[in-house]
Protein chains: 2
Amino acid sequence: MPTDRADPRPRRIPEATVVRLPVYQRILAERLGAGEQTVSSEQLAERARVNAAKVRKDLSLLGSFGTRGTGYDTAFLIAQIDRALGVHRDWPVAVVGIGNLGRALVNSEGFSLHGFRIADLYDRDPNVVGQRVGPLLVRHIDDLHEPATGEAPAIGVVSTPAAAAQEVADALVNAGVRSILNFAPRVLTVPLGVILRYVDLSIELQVISFYLSRAEAGARPELPSEVAMWRSISLSARDPAPPP
Amino acid sequence: MPTDRADPRPRRIPEATVVRLPVYQRILAERLGAGEQTVSSEQLAERARVNAAKVRKDLSLLGSFGTRGTGYDTAFLIAQIDRALGVHRDWPVAVVGIGNLGRALVNSEGFSLHGFRIADLYDRDPNVVGQRVGPLLVRHIDDLHEPATGEAPAIGVVSTPAAAAQEVADALVNAGVRSILNFAPRVLTVPLGVILRYVDLSIELQVISFYLSRAEAGARPELPSEVAMWRSISLSARDPAPPP
DNA sequence: TCGTGTGAACCATTTCACAGCT
DNA sequence: AGCTGTGAAATGGTTCACACGA
């Protein structure tokens, strides 16, 4: 008997699935906006450029939410994915590095449209500290350990130059931040237990360069040249070694 | 006998490896800057947070470049990875959408430090068109089909608002651009054969949210909570179906 | 009839473990 | 003695194919 509704013991969700869920989310929101009450795995799959079986498998990990012969209820599925992702909660975000990039991120649709709340902005430049960006004042990095709201933000976004990134990451970790999203083109070191993800322009460009070269070199699609990807990297750290 | 030096028939390189190569690159550059002539798979692995065997396997796909008992020659390995990635070539890039984000990207270390040449800037806003950004003038989107340099750029970067992204992608494709890096929070549709990658703040935040929830829920590290990742998504499109 | 949910087969990637070179 | 390169085993993820329910 498949677990019904709010699953008390959620199955293990593979990392590969986790990164697809937000994509399905976005497609669902789109379809809901277009008035589609219901959506099939086939439709989701086409838009996401994946196999329909994969969509069904992914979604079935969250529970049995579809209706045979009909598909999935759009709004209901959105809610379920939200729940699985934990997005229904409030995750305060601190952005460190309020240059061009930081400002762009703060004002971006990525934050506002998806319920993440920017709690604090930090910079080191005295000309920037004290400025108003959106609804917030930029604070000095050294005040990181005592956030405006009194509690450490859940997520730290690093949008400083590469040279400052490690130092900022250290400061975030010391302040009790449990996860870091790094935009600086720099490999970071953080303690085990801190969630770390990278967003990196030059890495993406290099990956594209690779596939461009291949597409050009082999006239025949040696690697099928239609490589469409959502940030398809996977340097996920497993346990360094379960102590035997 | 392992193929030596410039391999005329390069092995197939798995996608998973392709995305790690730029990371190794960055670490190597770092070590070279620190004066390390040579580096071991163990050292690379530690910094990249991966298994050393993986590093060796990845690198052995490019050829046999290491020296047993010693490790890899740092500078030489950098050159080899560059070659594998095709970064030694000139890939002109067009950036469409010169708002906060576009400007941040154009001025970022990601471009300048990694040899990608920005060939064209485009926007739709008449107030922006004609402006000077870095060494370039912003041109109007409608001039996309006739790029300043006369030849279509190899890579198109989309940094417009979500609402304009599909339209811009279409224009890029029509202009002959073979690959797109999309920063807009929007699922795009492009013809088969066009390389498409996404960089997406809100997706990353949602993925982090998932792991934060899990880390919090299960006191025991249900999924080992140290999930460190390089943009680990993988919605890669395989051939829709090899026509039978 | 249509489309989900899912075992089972398949394929890709990771890790182990060790032979072989320096 | 140290570290690469790589078969072979283990793991993880994808796709097939079909029973089942609406």
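A, B, ... follow the sequence lines: proteins, then strands. Residue 1 opens every chain. As a basis for the values below, the full set of heavy atoms in this structure was taken, side chains included, without hydrogen atoms, waters or symmetry mates.
- Between A/S41 and C/dT4, a side-chain N or O to OP1/OP2 separation shorter than 4.0 Å is present.
- On a pure distance criterion of 3.5 Å, a polar donor-acceptor pair joins the side chain of A/R68 and the base of D/dC20.
- The phosphate of D/dA17 (OP1 or OP2) has no side-chain N or O of A/R56 nearer than 4.0 angstrom.
- The nucleotide whose nearest atom lies closest to any side-chain atom of A/T67 is, among D/dA22, D/dA17, D/dG13, D/dA22.
- With rounding to whole Å, A/K54 atom NZ is found 8 Å from D/dG13 atom C1'.
- Spacing between atom CD of A/Q80 and atom P of C/dG5 amounts to 12 Å, rounded to whole angstrom units.
- Using a 4.0 Å heavy-atom criterion, one finds that B/G66 contacts the sugar-phosphate atoms exclusively.
- Taking atom CD of A/E36 as the reference point, atom C1' of C/dG3 lies 16 Å away to the nearest angstrom.
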From CA spacing to verdict: side-chain hydrogen bond (donor to acceptor under 3.5 Å, both in side chains), B/Q37, B/D73: CA-CA 6 Å; B/Q37 298 268 307; B/D73 182 276; over 6 Å; no
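- A straight line from CG of A/L59 to P of C/dT6 spans 12 Å, rounded to a whole angstrom.
- A salt bridge links B/R89 and A/E216; the closest N-O separation between the charged side-chain nitrogens and carboxylate oxygens is under 4.0 Å.
- Annotation: A/E109, atom CD; neighbour count of heavy atoms from other residues, nucleotides and ligands within 6.0 Å is above 12.
- Between A/N51 atom CG and C/dC11 atom P there is a gap of 14 Å when expressed in whole angstrom units.
- Rounded to an integer number of Å, the gap from A/K57 NZ to D/dC18 P is 15 Å.
- Within the 4.0 Å cut-off from OP1 or OP2 of C/dC2, not a single side-chain nitrogen or oxygen of A/Y72 is found.
- Taking atom CG of B/L44 as the reference point, atom P of D/dT4 lies 9 Å away to the nearest angstrom.
- The pair A/E30-A/R47 meets the salt-bridge criterion, with a side-chain N (NZ, NE, NH1 or NH2) lying under 4.0 Å from an Asp/Glu carboxylate O.
- OP1 or OP2 of C/dT14 sits under 4.0 Å from a side-chain N or O of B/R20.
- Whole-Å rounding puts the A/I13 CD1 to D/dG12 P distance at 16 Å.
- Listed candidates were C/dT4, C/dT13, D/dC16. Nearest to the side chain of A/S40 is C/dT4.
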Full working for side-chain hydrogen bond (donor to acceptor under 3.5 Å, both in side chains) between B/S60 and B/D58: CA-CA 6 Å; B/S60 75; B/D58 284 343; over 6 Å; no
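- Residue B/G71 is the one, among B/G71 and A/D58, whose nearest nucleotide of DNA chain D lies closer to the 5' end (criterion: closest heavy atom).
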